[in-house]
Structures are given as structure tokens and as C-alpha cells.
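Note sheet for the following structure.
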Amino acid sequence: MKRAKKEPSIFRQELRRDWNTFKSLDGKKKLQFLWDYYRWKILVSAFIIVTVVTFAGMLWEGQKPRRLRVCVVLNNDADCSGWFRQFTQDLKSDGKPGKVDVNLDQPFDYDNQYYYVQELEVMTAVSSRRMDLAVCGPDMYSYLLAINACMPLDEALPDSLSASLIKNGKLVYDTANLTQDERGNVNPADGIDGYYAVDLSGTSFYDAYNQPADEKEQEPLYAVVISNTEHMEDCRELLDALLKK
């Protein structure tokens with residue numbers, strides 16, 4: 001006894017019908033037919049493909065070795081990209097592998113009503129090891145101190161260099177790990193004192209990129225090594241470059 005032939009599904013019948021219709025059309029009519037009947041399927045498929053490719057690219061890029069990740073938050077709108085481009089060329093001239101990432105687009109300003117978003121972005125970068133060194137003003141420096149993200153430089157730098165910087169007043173002595181509780185109170189006993197930043201005043205970098213429109217609004221500029229960095233040697237190279245007069 002022969003089995004009855006299974007009838008094609010409605011989806012396959014519609015697909016075959018559309019295919020036959022498509023083959024019967026000429027030139028631009030085929031494209032018009034596809035756009036009229038499959039527009040949303042095409043757009044959704046394209047979106048999925050772009051998303052997957054973008055995510056895969058980000059994942060692949062994230063796996064590449066990095067020599068240094070720098071976050072720069074100036075007190076003004078100066079463009080220091082050229083300076084860091086030259087520093088990157090000089091650093092990579094030793095032939096060691098790894099990229100140098102310089103983030104010049106991270107805002108941080110406590111006068112901004114969305115400063116808590118900026119705090120979250122910085123905390124995420126620190127905790128995920130996407131920041132080795134920060135060049136920043138007082139606002140971001142105070143936040144890095146509060147979350148205890150600053151490396152004690154008198155311990156991390158060579159003794160001769162740290163002694164010279166302390167003697168010249170370039171290492172900033174401060175208190176880290178002071179955060180407010182739910183009532184807004186700060187316990188001084190939680191504080192950890194140390195030399196946590198390099199004062200960049202008097203350097204060529206400071207003179208070129210930290211000049212405000214009004215001299216009365218002049219703010220300090222600091223270099224801070226992040227405590228969980230794995231690239232201390234290259235951080236020292238950047239500090240040496242920043243301290244040049």
C-alpha cells in the first residue's frame with residue numbers, strides 16, 4: 001500500500017510561489033518585488049549580521065595585547081591627540097608588541113548633572129583593567145582617590161625618581177579610600193595616606209594643554225597610575241614624557 005504523499009507546508013508553498021513569481025520578473029522588477037515582500041526580513045537579517053560582526057570585532061579587538069591604556073580628561077577643550085600620537089610612536093619604537101589606547105573622550109565634571117554616569121564609566125574602566133594611567137583634573141582625581149584606585153607612587157617608582165619628585169614638590173600627598181556612607185558621613189579612620197599623583201604644573205604638557213581662557217580659573221592637572229595596572233614599565237615611560245619641561 002502506497003503512502004499518501006505529504007502535502008508541503010504552507011510556508012514552503014508560499015516560498016515556492018514567491019520564487020516562481022521572482023523568476024518571472026525582469027530587471028529592476030525583481031529588486032522591487034524583494035523590497036516589497038521581504039523588506040522587513042532583509043532589514044532584520046542585516047541588523048543581526050551587523051550586530052554579530054560588530055560584537056565579534058569588539059571581542060577580537062579586546063583579545064589583542066595592550067601595552068598601555070591611558071585616559072585623558074583635561075580641564076579645557078584643548079586637543080592633545082598629537083602629543084599622544086608622538087608619544088605612542090616613541091614608545092613603540094622599541095619593537096615590543098601591543099597597542100597603546102588613549103581615551104580622549106571620557107568626560108568627568110562634578111558640575112555636570114549626569115556626573116554619576118561619568119563616575120560609573122570610570123569605575124567600570126578601572127575594574128575591567130581598561131585604564132593604566134589617568135591624566136586628569138581635580139574632579140576625576142578626587143573620585144579615583146575615593147575608590148582607592150590610585151597606586152602609591154613612592155612605592156611604585158624607583159627610589160631615586162620618587163625622592164626627586166618629593167623633593168621638588170611634584171608628588172601629591174593625599175588620603176584615599178574616603179567614601180560616604182548612606183547617611184553622607186565619612187569615617188577618617190578608613191583613609192589611607194600616601195603619594196598618589198604627580199603634579200604636572202611647570203611641564204611642557206601642562207603649559208600646552210592646561211591653559212584656561214581665564215587665568216583665574218586655572219586648575220591643577222595630575223598624572224595618576226591606576227593601582228591594578230599590569231604595565232608599570234610603560235606607565236613610567238609616560239610619566240617621564242609628561243614631566244619634561
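Just so you know, residue 1 is the first one in the sequence shown, and it goes up from there.
A continuous path of hydrophobic side-chain contacts links Met151 to Leu221 [ILVMFWY only; heavy atoms under 4.5 Å]. Two different hydrophobic clusters hold Ile192 and Val225 under the rule that ILVMFWY side chains link at heavy-atom gaps under 4.5 Å. Hydrophobic clustering (ILVMFWY, side-chain heavy atoms < 4.5 Å, transitive): Val100 and Val73 are in distinct clusters. Residues Ile226 and Leu239 do not share a hydrophobic cluster, clusters being chains of Ile/Leu/Val/Met/Phe/Trp/Tyr side chains in contact below 4.5 Å.
Ser81 contributes atom OG, which lies 12.0 Å from atom CD of Gln86 (distance to the nearest 0.5 angstrom). Taking CG from Leu68 and CE from Met232, the interatomic distance works out to 10.5 Å, rounded to the nearest 0.5 Å.
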(request) Show your working on side chain to side chain contact (heavy atoms under 4.5 Å, CB included) between Val126 and Leu144 and close with a plain yes or no. (result) CA-CA 9 Å; Val126 170; Leu144 291 173; 4.1 Å; yes

(request) Would you sort out whether Tyr195 and Leu157 count as a side chain to side chain contact (heavy atoms under 4.5 Å, CB included), showing the intermediate values? (result) CA-CA 11 Å; Tyr195 292 96; Leu157 298 178; over 6 Å; no

(request) Go through the steps to decide whether Thr175 and Asp193 satisfy the test side chain to side chain donor-acceptor pair (under 3.5 Å), and finish with yes or no. (result) CA-CA 4 Å; Thr175 303; Asp193 296 334; 2.6 Å; yes

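The pair Asp234-Arg67 meets the salt-bridge criterion, with a side-chain N (NZ, NE, NH1 or NH2) lying under 4.0 Å from an Asp/Glu carboxylate O.
Side-chain atoms of Asn75 come within 3.5 Å of backbone N or O of Pro220 as a donor-acceptor pair. At least one donor-acceptor pair under 3.5 Å links the side chain of Asp132 to the backbone N or O of Arg69. Distance alone, capped at 3.5 Å, is enough to place a donor-acceptor pair between the Gln118 side chain and the Asp109 backbone. Not one N or O on the side chain of Asn103 forms a donor-acceptor pair closer than 3.5 Å with the backbone of Val72.
Val224 is not listed as a side-chain neighbour of Tyr196, based on a closest heavy-atom distance of 4.5 Å or more.
The number of heavy atoms from other shown groups lying within 6.0 Å of CG (Asp240) is above 12.
Using the six-membered ring where Trp is involved, Tyr141 and Tyr222 have ring planes that are tilted, between 30° and 60° apart.
The side chain to side chain donor-acceptor pair (under 3.5 Å) test applied to Ser142 returns no partner, not counting sequence neighbours.
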